[in-house]
Structure formats: C-alpha cells, structure tokens
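See below for the structure under consideration.
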Amino acid sequence: MKVGVLISGRGSNFEALLKATREPGYPAEIVVVISNRADADGLKIAHEAGIATAVISHKDYDSREAFDAAMDAVLVKAGVELVCNAGFMRILSDGFVAKWRDRQLNIHPSLLPAFKGLHVHQRTIDSGVRITGATVHFVRAEMDEGPIVAQAAVAVLPDDTAQTLADRVLAAEHVLYPLALRLVASGAARVADERVIIQGEGDVVSGPLFVPLPG
Ligand code: GRF
C-alpha cells in the first residue's frame with residue numbers, strides 16, 4: 001500500500017515508519033512526504049532516504065480548502081492510498097477528511113479520548129493520572145477523534161516533567177505507529193460502526209497494546 005506522510009517538524013514518527021516499511025514483507029511503502037514548513041527536520045530525513053518530498057506552505061493559500069487541495073493533488077499524483085499524519089500541525093478541512101475517510105491515520109501522544117489537543121504532557125501531569133500513552137486512530141473532522149487502531153500505555157512517574165514524559169511516550173509512539181500501519185495496510189484492521197475491528201495473521205488484537213518502558 002502506498003503511503004503519504006504529512007509532517008510539520010521533527011519527523012521522528014515518520015522516521016520510525018520509514019524504518020519499518022523498509023523491513024522485508026512490510027505491507028506498506030512511503031512514496032511521498034509533505035511538509036507545510038520548509039524548515040521541518042523531517043524533510044532532511046526524507047532527502048537522505050531518497051523519499052520524494054513536497055513543501056506546501058499554508059501561508060501560500062487563501063483558504064484551508066485551497067491548501068488541502070494542493071496537498072491532495074500531490075498525494076494523488078504520487079499514487080497514495082493511505083495518508084499518515086505524523087506531527088502534522090494543521091487542522092484539515094472537512095472535504096479533505098471526507099475524501100480520505102478510513103484512509104488517513106493520525107498519532108496523538110495520549111490515551112484518547114483523554115487529553116486531546118496541545119500541551120498534552122503538562123496537562124497529563126497536572127491531572128494526576130498514573131498512566132498515559134499514545135494512540136493511533138483514523139482521522140475524523142473533529143481534532144484527535146476517530147476510530148482507534150492501537151494504543152500504547154506509558155506510566156507517569158512521580159518526578160516526570162513534561163519533557164521526560166514526552167520522551168518516554170515518543171519512544172512508545174515509535175513502536176506503536178509502525179504496528180498500527182501494518183494492521184491497516186495489511187487489511188487486518190477495518191472500521192465498522194466507527195470502531196476498529198482487527199483480525200488476521202492468527203492473532204486477534206482486541207485490547208490495548210502495552211509497550212514496555214524503554215531501558
Ligand atoms: C508526536 O508526539 C505526535 O504524537 C504528535 O506530534 C509529535 C510529532 O513528533 N502528534 P515527530 O515530528 O514525529 O518527531
């Protein structure tokens with residue numbers, strides 16, 4: 001399955017996906033990376049890996065719809081079948097979301113539906129929860145909403161700062177996103193009644209995925 005990745009910055013999740021997709025037998029390949037920022041570090045990763053890139057700055061377009069149409073044109077031209085948002089920091093128009101419905105994934109650094117939006121890790125710490133994590137979900141019009149493909153749980157430690165927690169959640173994201181993409185690209189994960197059903201390869205994954213703490 002041909003995948004297009006949308007980024008805005010560092011691109012570490014894109015890098016994790018790229019590494020996984022280059023493993024033999026992985027059911028997806030990344031054919032293009034689109035960034036809305038020319039200075040996104042993720043673009044360097046793509047260049048070094050020989051992946052096609054496009055910079056489409058939202059500032060060059062009068063409307064969200066026009067910006068999204070420009071991205072859509074690049075995705076279609078590259079033959080993309082599935083879009084993966086990986087740290088992409090723009091809200092998408094309803095039309096774009098509808099066009100790619102059930103063919104667009106996002107990763108968010110919390111156990112959705114908790115802690116949608118920005119400043120997730122500080123809000124997580126401030127709330128006092130003991131467990132957080134990461135979620136890969138199909139994209140819907142509302143931000144950080146949509147059928148959940150996979151989740152990873154990460155402990156919140158007593159001395160965590162937003163940064164130390166973000167670092168540990170990010171390590172879990174790098175395991176989770178390739179796993180979720182594999183499930184979707186292989187056809188093992190599908191949406192039914194706005195929930196994701198997972199089957200195939202002899203396994204049934206019905207509960208959350210717990211990724212061990214690194215180290
Ligand atoms: C990740 O924490 C992701 O969950 C969130 O933005 C961050 C992107 O990091 N949506 P990177 O650009 O993939 O390194």
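As the structure lists them, so they are numbered: ligands from 1, and atoms in each ligand from 1.
No N or O atom of Asn106 sits closer than 3.5 Å to an N or O atom of ligand 1. For a threshold of 3.5 Å applied to N or O pairs, the pair formed by Gly9 and ligand 1 contains no separation below that value. By the 3.5 Å distance cut-off applied to N or O atoms, Gly11 is counted among the residues near ligand 1.
The CZ atom of Phe96 lies 12.0 Å from the CD atom of Glu65; values are rounded to the nearest 0.5 Å.
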Would you tabulate the side-chain donor-acceptor contacts of residues 109-117 under 3.5 Å, counting partners in other chains and residues two or more places apart, or write 'none'?
from, atom 1, to, atom 2, distance (Å)
Ser110, OG, His108, NE2, 3.4
Ser110, OG, Ala114, O, 2.6
Ser110, OG, Phe115, O, 3.3
Lys116, NZ, Glu145, OE2, 3.0

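Residue Ile107 has at least one heavy-atom neighbour below 4.0 Å for each of these atoms of ligand 1: 3 (C), 4 (O), 10 (N).
Cluster annotation: Val80 and Tyr177 are assigned to distinct hydrophobic clusters (Ile/Leu/Val/Met/Phe/Trp/Tyr, side-chain heavy-atom contacts under 4.5 Å, transitive).
Taking every heavy atom of both residues into account, Ala49 and Leu18 meet most closely at CB-CD2, 3.4 Å. Annotation for Val3 and Leu181: closest pair CG2-CD1, 4.1 Å, computed over non-hydrogen atoms.
The closest protein non-hydrogen atom to atom 9 (O) of ligand 1 is Arg10 NH2, 3.0 Å. In terms of protein heavy atoms, atom 8 (C) of ligand 1 is closest to Gly87 CA, 3.5 Å. Looking only at heavy atoms of the protein, atom 13 (O) of ligand 1 is closest to Asn13 N, 2.8 Å. Distance from atom 4 (O) of ligand 1 to its nearest protein heavy atom, with residue and atom name: Glu173 OE1, 2.6 Å.
Tested against Trp100 for a side chain to side chain contact (heavy atoms under 4.5 Å, CB included), the candidates Asp68, Leu105, Leu75, Val139 yield a single pass: Leu75.
Within the 4.0 Å heavy-atom cutoff, Ile7 does not count among the residues contacting ligand 1.
Using modelled atom types, one finds a donor on one side chain and an acceptor on the other under 3.5 Å when comparing Gln151 with Thr135.
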